[in-house]
> 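Dropping the structure in here first, questions after.
No experiment lies behind these values; they were computed from the predicted model shown. Heavy-atom basis, side chains included; hydrogens, waters and symmetry copies ignored. By convention in this document, chain letters (A, B, ...) are assigned in the order of the sequence lines, proteins followed by strands, and residues within each chain are numbered from 1.
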2 protein chains.
Amino acid sequence: MDKLYTITELTREFGISTRTLRFYEDEGLVNPERRGRTRLFRPSDRRIIQNILRGRRIGFSIAEIREIILAYKDPPGESGQLTLMMKRVSEKRDELKQKRKDIEDTITELDLIEEQCLTRLAEIGVGT
Amino acid sequence: MDKLYTITELTREFGISTRTLRFYEDEGLVNPERRGRTRLFRPSDRRIIQNILRGRRIGFSIAEIREIILAYKDPPGESGQLTLMMKRVSEKRDELKQKRKDIEDTITELDLIEEQCLTRLAEIGVGT
DNA sequence: CCGCGCATTGACTTTTACGTCAAGGTCAAT
DNA sequence: ATTGACCTTGACGTAAAAGTCAATGCGCGG
């Protein structure tokens, strides 16, 4: 049935503000239909928003997110452009792998902090 | 031999600016010695800087990074504080796990884009 | 002694990603 | 017809994390 979403429906679903969605439109990330001046978001817009939010969570800038979205929508037709894009994709992937390692190391560190807390708690618990 | 590092040595090693290191000092994240007014960073400072940069890469704010550094240095002595901290640690860990999943999904997506590029390239290559 | 490179502080500026008004249009229900 | 919910555009404000600029100091090779 291809439901259309109003702006506030989506802000509620994703916990973001209307300002944020309008901003994403200004940035050319989403292109909702209009009934009069009112925005109506398609399922495809909704999916893009999910992508944006994911990108945001992992620290991509709007420009980077836009680049990925565009790359996905219409990969360039020219050979040189394609090769260039594959280089950029490869770089991004390396960056993400580094980030994943950073996260894993930090999780380990958090585990350590937690352990220290437990130890201290036990000491205190025994002492009193 | 406990080498001491000048500010520019470290900026070169880590690819950051002197302004950044001074900013981190203002924020209380590092405490270099002083010979006169000149900063001399100890190996411990250097390690903290590595931690800061790692935190930065995974999107932690300076405030969050400071919190983790402090938690690691001196875990609080009081029972309530300890329990509180463990809750915060647990939250951060969940956040990081979500982030790791986001990263893995995005890597998968990048793989897909790359594949599309390769397909297009093959098509072009054959056609010409 | 002069200039060079490296160091300092302090103040002002910038960028990103929105938040926050202001001022008003539309429509359904009361 | 007024209230209230929801929508709009446009302009201005803000916080974080530095960048940039100005003015200055210190030690050293030539």
> Is the distance from OP1 or OP2 of dC7(D) to the nearest side-chain N or O of Thr18(A) less than 4.0 Å?
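Checking dC7(D) against Thr18(A), no side-chain N or O comes under 4.0 Å of OP1 or OP2.
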
> Does OP1 or OP2 of dG19(D) have a side-chain N or O of Ser17(B) closer than 4.0 Å?
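Checking Ser17(B) against dG19(D): at least one side-chain N or O falls below 4.0 Å of OP1 or OP2.
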
> Compare every heavy atom of Ser79(A) with every heavy atom of Thr83(A), then report the nearest pair and how far apart it is.
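Smallest interatomic distance, heavy atoms only, reads OG1-O, 2.8 Å.
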
> Counting only side-chain nitrogens and oxygens, does Tyr24(B) get under 4.0 Å of the OP1 or OP2 atom of dA18(D)?
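Affirmative; the distance criterion is met.
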
> Are any non-hydrogen side-chain atoms of Tyr24(A) and Ile49(A) less than 4.5 angstrom apart?
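They are not in side-chain contact.
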
> So what does Arg39(A) hit on the nucleic acid, given a heavy-atom distance under 4.0 Å: a base, only sugar-phosphate, or nothing?
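Arg39(A): backbone/sugar contact only, no base atoms under 4.0 Å.
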
> Figure out the CD/P separation between Glu27(B) and dA15(D), and round it to whole Å.
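The answer, rounded to whole Å, is 14 Å.
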
> Going hydrophobic residue to hydrophobic residue with side-chain gaps under 4.5 angstrom, can you get from Phe41(B) over to Ile69(B)?
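Same cluster: Phe41(B) reaches Ile69(B) through Ile, Leu, Val, Met, Phe, Trp or Tyr contacts under 4.5 Å.
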
> So what does Arg12(A) hit on the nucleic acid, given a heavy-atom distance under 4.0 Å: a base, only sugar-phosphate, or nothing?
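If one applies the 4.0 Å heavy-atom cut-off, Arg12(A) turns out to touch the sugar-phosphate alone, with no base involved.
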
> Are any of the side-chain nitrogens in Arg42(A) or Asp45(A) under 4.0 Å away from the carboxylate oxygens of its partner?
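Looking at Arg42(A) and Asp45(A), the cut-off is met.
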
> Heavy-atom nearest nucleotide on DNA chain D for Phe41(A) versus Arg19(A): which residue maps closer to 5'?
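The answer here is Phe41(A).
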
> Roughly, in whole Å, what's the span from CG in Asp26(A) to P in dT9(D)?
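From Asp26(A) CG to dT9(D) P: 8 Å.
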
> Here's a test of your reading of the structure: between Phe23(A) and Thr6(B), which maps to the more 5' nucleotide of DNA chain C?
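The answer here is Thr6(B).
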
> Should Lys92(A) and Phe60(A) be marked as a side-chain contact (heavy atoms from CB on, under 4.5 Å) after you check the CA-CA gap, both sets of side-chain angles, and the distance that decides it?
CA-CA 10 Å; Lys92(A) 277 274 166 264; Phe60(A) 282 170; 3.9 Å; yes

> Quick check on dT9(D): is either OP1 or OP2 less than 4.0 Å from any side-chain nitrogen or oxygen of Arg37(A)?
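It does not, given that no N or O in the side chain of Arg37(A) lies less than 4.0 Å from OP1 or OP2 of dT9(D).
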
> Report the distance from atom CZ of Arg57(B) to atom C1' of dA17(D), rounded to the nearest whole Å.
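Rounded to the whole Å, the gap is 17 Å.
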
> Ile16(B) has an atom CD1; how far is it from atom C1' of dA17(D), in whole Å?
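Atom-to-atom, Ile16(B) to dA17(D), this comes out as 12 Å.
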
> Could you list where the contact with chain B starts and ends along DNA chain C, reading 5' to 3', using a 4.0 Å heavy-atom cut-off?
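It runs dC6(C) to dA11(C).
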
> Establish, from distance only, whether the side-chain atoms of Arg22(A) and Thr18(A) form a donor-acceptor pair under 3.5 Å.
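Looking only at side-chain atoms, Thr18(A) and Arg22(A) do form a donor-acceptor pair, the distance falling under 3.5 Å.
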
> Would one find more than 12 heavy atoms of other residues, nucleotides or ligands at under 6.0 Å from atom CZ of Arg100(A)?
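Count over threshold, so yes.
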
> Provide, to the nearest angstrom, the distance between the CD1 atom belonging to Ile7(A) and the C1' atom belonging to dA5(D).
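To the nearest whole Å, that distance equals 15 Å.
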
> Rounded to the nearest angstrom, tell me the gap between atom CG in Leu40(B) and atom P in dC26(D).
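So the two atoms are 16 Å apart, to the nearest Å.
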
> Write down the distance between CZ (Arg56(B)) and C1' (dA17(D)), rounded to a whole number of angstrom.
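Value for this atom pair: 9 Å.
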
> Rounding to an integer number of Å, can you tell me how far Arg34(B) CZ sits from dC26(D) C1'?
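From Arg34(B) CZ to dC26(D) C1': 15 Å.
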
